[in-house]
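Inspection log for the structure reproduced underneath, given as structure tokens.
Just so it is clear, the structure is predicted and the values come from calculations on it, not from any experiment. Position 1 is the first residue of the sequence, and the numbers go up from there.
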Amino acid sequence: MADSDVGAASDAYGRGGGGRRSGRAVTVAAAGVLALATLAVGCGPQDPGADALRQPTAPATTAPPAPSPTDDGKGATAGATTEPATTTPPASPSATPPPAEPVTAPPPTASSLAPSTAPAPRVLLRTGSEGAQVRELQARLRQIGHFGRTPTGYYGTVTAEAVRSFQAKRGTEATGATDAVTWRKLLAMTRTPTADELDPPTERPVAKPDERCLTGRVLCISKKSRTLAWMIDGRVVSAMDVRFGSEYTPTREGEFPVFWKSRDHVSTLYDTPMPYALFFSGGQAVHYSADFAANGYGGASHGCVNVRDKAKVAALFDQVKNGDKVVIYW
């Protein structure tokens, strides 16, 4: 109700009973006034939290002051009033334990610093290597039956497989690369190769020359023996192994002149190197083949006459002139 209704209610109670207030009326009027006073203050929903805030609190226990940094850990200074000691409750099981004492590891020893495995032996020769030492490696492997071809001086897949076979038989890791351990074992089992073992004329005997090869300067090439003999006036100056094109790209047979020399030639048709190329018929030439040196007779050319001995074909390239004959026969 509004504030103006308070007075009206008081009059109604005052006039009841013929102008004289009864004890009951007075009591009821007093209760109404009290209720109105309560509404004027305000009465919201009960707040348990508010009651809790009104509860008396226990007096706080003051802990003794911690020693200052200047006390050197001796506690309160002289003459100060000592507070009674308080009992510290026992730590709960979930309390953080005090830090453990640090564990000092023993200093490392020389044996603990050493690597667990010995370093790999140094590699001397691997696939792609070329030169006199490769030729010696091949000749030594051939002495003990691990290399079935004439040395070429080129370390290809055939040589790598021969080295791998040797390593496996001798109980070392079969990597196919010639490391220092493999080389020492091979030296101990073989003798120094002779000149013919290092640089044999050809893998197969040189064929009897065609009659057209007996005069002049001629590259005399036999498909039957797979050899090339560089001949001057019927005398063999040098000989080398060769291979030819496949049945789909055969090497032409007949007599041809050398019409172009190209030392570092690259095929424009197949985009492959053709070092020391001696062209004799269209795009067909005598040249060095790294594939022939690496894989032997397992492959074929695209019609050219491949030579696998790089040193020999390089010397041949320097000696042959444009106009010299090329004779290819069976």
Side-chain angles (χ1 to χ4, degrees), residues 127-130 134 138 148-161 200-207 209-210 212-213 217-231 238-330:
T127 301
S129 299
E130 295 183 79
V134 176
Q138 294 166 335
R149 301 179 179 179
T150 56
T152 63
Y154 180 82
Y155 203 121
T157 56
V158 174
T159 304
E161 186 56 37
T202 56
E203 185 173 312
R204 295 184 176 188
V206 176
D210 185 271
R212 292 169 290 181
C213 300
R217 298 162 59 90
V218 187
L219 294 171
C220 194
I221 302 170
S222 169
K223 283 189 172 181
K224 183 177 181 179
S225 67
R226 296 188 292 193
T227 59
L228 180 156
W230 166 232
M231 301 180 67
S238 64
M240 56 205 74
D241 296 316
V242 293
R243 73 176 183 182
F244 308 97
S246 68
E247 59 178 316
Y248 303 105
T249 56
T251 302
R252 302 182 187 103
E253 299 167 22
E255 182 178 333
F256 314 91
V258 173
F259 66 88
W260 182 33
K261 296 172 61 176
S262 181
R263 183 179 297 273
D264 298 309
H265 192 78
V266 176
S267 171
T268 56
L269 184 60
Y270 300 105
D271 194 30
T272 55
M274 299 171 56
Y276 307 109
L278 301 168
F279 287 91
F280 59 84
S281 177
Q284 294 190 357
V286 175
H287 68 85
Y288 170 71
S289 169
D291 180 75
F292 183 26
N295 301 311
Y297 290 102
S301 74
H302 290 99
C304 289
V305 178
N306 290 164
V307 180
R308 67 180 180 186
D309 192 316
K310 193 173 185 178
K312 286 185 177 182
V313 74
L316 179 68
F317 182 88
D318 291 338
Q319 296 174 46
V320 172
K321 301 176 183 178
N322 287 338
D324 289 346
K325 287 190 298 183
V326 177
V327 176
I328 302 176
Y329 65 102
W330 277 97

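At a threshold of 4.5 Å between non-hydrogen side-chain atoms, the residues Arg149 and Val158 count as touching. By the 4.5 Å heavy-atom criterion applied to side chains, Gln319 and Trp230 are counted as neighbours. Counting heavy atoms from C-beta on, the side chains of Leu316 and Tyr276 never come closer than 4.5 Å. Using a 4.5 Å heavy-atom threshold, the side chains of Lys325 and Pro257 count as separate. You'll find the side chain of Val305 reaches within 4.5 Å of the side chain of Ile221, heavy atoms only. Arg263 places none of its side-chain heavy atoms less than 4.5 Å from the side chain of Pro275. With a 4.5 Å cut-off on side-chain heavy atoms, Tyr329 and Arg212 count as touching.
Remark: Cys213 engages Cys220 in a disulfide (SG to SG under 2.5 Å) (not counting sequence neighbours).
For the pair Arg226 and Tyr297, the cation-pi criterion (under 6.0 Å, within 45° of the ring axis) is fulfilled. With a 6.0 Å cutoff to the six-membered ring centre and a 45° limit on the axis angle, Lys310 does not count as a cation-pi contact of Tyr154.
Atom CZ of Phe244 is separated from atom SG of Cys304 by 12.0 Å, given to the nearest 0.5 angstrom. To the nearest 0.5 Å, atom NE2 of residue His265 and atom OG1 of residue Thr272 are 8.5 Å apart. Taking CG from Asp210 and CD from Glu253, the interatomic distance works out to 11.0 Å, rounded to the nearest 0.5 Å. For the atom pair Ser238 OG and Met231 CE, the distance stands at 11.0 Å (nearest 0.5 Å). For the atom pair Glu130 CD and Tyr155 OH, the distance stands at 13.5 Å (nearest 0.5 Å).
Here the closest non-hydrogen pair linking Ala293 and Tyr288 is CB-OH, 3.7 Å. For the pair Pro200 and Lys312, the tightest heavy-atom approach, listed with the atom from each and the gap, is O-NZ, 2.7 Å. Heavy-atom minimum distance, Asp309 versus Pro151: OD2-O, 4.3 Å. Minimum interatomic distance between Ser225 and Ala207 (heavy atoms only, all atoms of both residues): OG-CB, 3.3 Å. In terms of heavy atoms, Leu219 sits closest to Leu228 at CD2-CD2, 4.1 Å. Among all heavy-atom pairs drawn from Ala160 and Thr127, the shortest one is CB-OG1, 3.9 Å.
Centroid-to-centroid, the aromatic rings of His287 and Phe279 stay 6.0 Å apart or farther.
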Verdict with reasoning, Arg243 to Asp291, per salt bridge (charged side-chain N to carboxylate O under 4.0 Å, His left out): CA-CA 11 Å; Arg243 73 176 183 182; Asp291 180 75; 2.7 Å; yes
Tell me, with the steps shown, if Phe317 and Lys261 meet side-chain contact (heavy atoms from CB on, under 4.5 Å). CA-CA 8 Å; Phe317 182 88; Lys261 296 172 61 176; 3.8 Å; yes
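Ring orientation note: the planes of His302 and Tyr270 are close to parallel, at an angle under 30° on the 30°/60° scale. Taking the six-membered ring where tryptophan is involved, the planes of Phe256 and Phe280 are tilted, since the angle between them lies from 30° to 60°.
A side-chain donor-acceptor contact under 3.5 Å links Asp324 to the backbone of Lys321. Between the side chain of Thr249 and the backbone N or O of Ser301, at least one donor-acceptor pair lies under 3.5 Å.
Considering Ile328, Thr251, Val326 as possible partners of Gln284, the one that fulfils the side chain to side chain contact (heavy atoms under 4.5 Å, CB included) test is Thr251. Results of the side chain to side chain donor-acceptor pair (under 3.5 Å) test with Thr150 over Arg204, Arg308, Gln138 single out Arg308 as the only residue that passes. In summary, of the residues considered (Asn306, Thr202, Val307), a side chain to side chain contact (heavy atoms under 4.5 Å, CB included) with Asp241 occurs for Thr202 alone.
Heavy-atom neighbours of Asp318 CG from other residues, nucleotides or ligands within 6.0 Å: above the threshold of 12.
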